[in-house]
2 protein chains.
Amino acid sequence: MLLSYQQGFRKTTLADIAEKAGVPLGNVYYYFKTKDEIAHAIIDERLSQFYALRAKLESMASPKDRLLAFAQMTMNNRQQLAKGGCEMGTLCSELQKEPGELAIEAGRLLSEPLGWLTAQFRALGKAPAEGLALHLLSALQGVSVLANALHDPAVVAAETAYLKAWIEEL
Amino acid sequence: MLLSYQQGFRKTTLADIAEKAGVPLGNVYYYFKTKDEIAHAIIDERLSQFYALRAKLESMASPKDRLLAFAQMTMNNRQQLAKGGCEMGTLCSELQKEPGELAIEAGRLLSEPLGWLTAQFRALGKAPAEGLALHLLSALQGVSVLANALHDPAVVAAETAYLKAWIEEL
DNA sequence: GTCTATACCGAGATAGAC
DNA sequence: GTCTATCTCGGTATAGAC
């Protein structure tokens, strides 16, 4: 999964995966029938990671604190974002270029976070919750794209500081 | 160039390109020595398109009008963004996954627009110009990623309306 | 300069021994 | 269930006739 993030899913060969897993090439097909099936597994794993994060954030009582913590996670991750972009966003974007069901499935990597953010803004009593969630997630995804393009984690720091102030002032 | 946008650069074969251009496969190598050279040509072409756009926007006297027109262009392009994402952003992101000089060259697809936006905010007398430009471009890139993931042009409409109001109020 | 044919290689997928 | 060997196809790139 790390490789498919660093070099892109399609560029990562089954030989790469087998080597990383310490098993011979032919053995991969015992666990996955096709490479697309591996894509599905990676999407599921990323979604599980998000659900775990979401559960952790929901231990906070205040929706505002949850939103601030969400933005802060991007901030904390800025070195990695500068190197390879967002794990969810880059995978999602890559798979959008493919025909078939994989693109739809990959869309959940962003629609699930968007839905959760919407719920937080709604709990805060701010409207339109959808629009605010969209603005926040767009900014975070966009700054990840830019940080990756510029190879500069500083832009993430600047933008997340801006967004956290924006959340505070809502 | 259209194909490499629709299906991704690496997924687009030289056979695809040759067919689209109406020439036999072998002939492509008369114009480009390698596929990477084609990538460079596409980047150059996209940059030229941006320079042309920039020149057109600079015919407007007011920096604020330029910024509003820039946001409006994304709005006008929302159908295409929902289908395949931003031409500059998706190409840039894809090429970031590759080693070598191509990634750096592709970074200009976003650093050039960012630099121009910064100049506009500076001309407006708003500070920090870099931070404001970063916020605007992040939001536009991010909403393009989301529109593509959700296959929904409406999110572009919502976010650009938000951003245009934000520019007006600066 | 333009085309056909083909070499070469890497990647996904399979067969079948153990 | 685990491994080796191999098939097959598609894609980049080249050779060389016209």
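The chains referred to below are lettered A, B, ... by the order of the sequence lines, with proteins before strands, and numbering in each begins at 1. These numbers come from the heavy atoms of this one structure, side chains and all, not from hydrogens, waters or symmetry mates.
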Would you call K97(A)-E94(A) a salt bridge at under 4.0 Å N-O?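 So K97(A) does not pair with E94(A) through a salt bridge.
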
In plain terms, say whether D152(B) and K83(B) are close enough for a salt bridge, that is, a side-chain N and a carboxylate O under 4.0 Å apart.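 No, D152(B) and K83(B) are not salt-bridged.
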
Evaluate whether atom [atom1] of [X] has more than 12 neighbouring non-hydrogen atoms of other residues, nucleotides or ligands under 6.0 angstrom away.
| X | atom1 | result |
| --- | --- | --- |
| M60(A) | CE | yes |
| Q72(B) | CD | yes |
| E19(A) | CD | no |

With sequence neighbours left out, write down each residue that passes side chain to side chain donor-acceptor pair (under 3.5 Å) with R54(B), or none if nothing qualifies.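 For R54(B) there are no side chain to side chain donor-acceptor pair (under 3.5 Å) partners, ignoring immediate neighbours.
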
Phosphate contact (dT2(C) OP1 or OP2) by Y30(B) side-chain N/O below 4.0 Å: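 Checking dT2(C) against Y30(B), no side-chain N or O comes under 4.0 Å of OP1 or OP2.
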
Within the structure, does a side-chain N or O atom of Y31(B) lie under 4.0 Å from either OP1 or OP2 of dG1(C)?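 Looking at the OP1 and OP2 atoms of dG1(C), neither is under 4.0 Å from any side-chain N or O of Y31(B).
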
For the residue pair D16(B) and T13(B), confirm or rule out a side-chain donor-acceptor distance under 3.5 Å.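 Yes, side-chain donor-acceptor contact under 3.5 Å.
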
Hey, can you pull the residues of [range] with a non-hydrogen atom under 4.0 angstrom from DNA chain D?
| range | value |
| --- | --- |
| residues 33-45 of chain A | none |
| residues 11-26 of chain B | T12(B), T13(B), L14(B), L25(B), G26(B) |
| residues 95-103 of chain A | none |

Mind calculating the distance between CG (N27(A)) and C1' (dC18(C)) to the nearest angstrom?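 Spelled out: CG on N27(A) to C1' on dC18(C) is 13 Å.
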
Given atom OH of Y29(A) and atom P of dT14(C), what is their separation to the nearest angstrom?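 Rounded to whole Å, this separation is 7 Å.
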
Test side-chain contact (heavy atoms from CB on, under 4.5 Å) applied to I38(A) and I43(A), T12(A), L14(A), the passing residue: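 Between I38(A) and the candidates, side-chain contact (heavy atoms from CB on, under 4.5 Å) is satisfied uniquely by L14(A).
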
Going by the salt bridge (Lys or Arg N to Asp or Glu O under 4.0 Å) test, which pairs reach into residues 155-168 of chain B, not counting sequence neighbours?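 Found none.
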
Categorize F32(A) for me: base, sugar-phosphate, or nothing, with a 4.0 angstrom heavy-atom threshold over every strand shown.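 No contact.
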
Quick check for you: to the nearest 0.5 Å, what is the distance between I42(A) atom CD1 and S4(A) atom OG?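 Answer rounded to 0.5 Å: 3.5 Å.
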
Inter- and intrachain pairs under ring-ring contact (aromatic ring centres under 6.0 Å, His included), touching residues 89-112 of chain A, at least two apart: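 Passing the test, one end in residues 89-112 of chain A: no pairs.
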
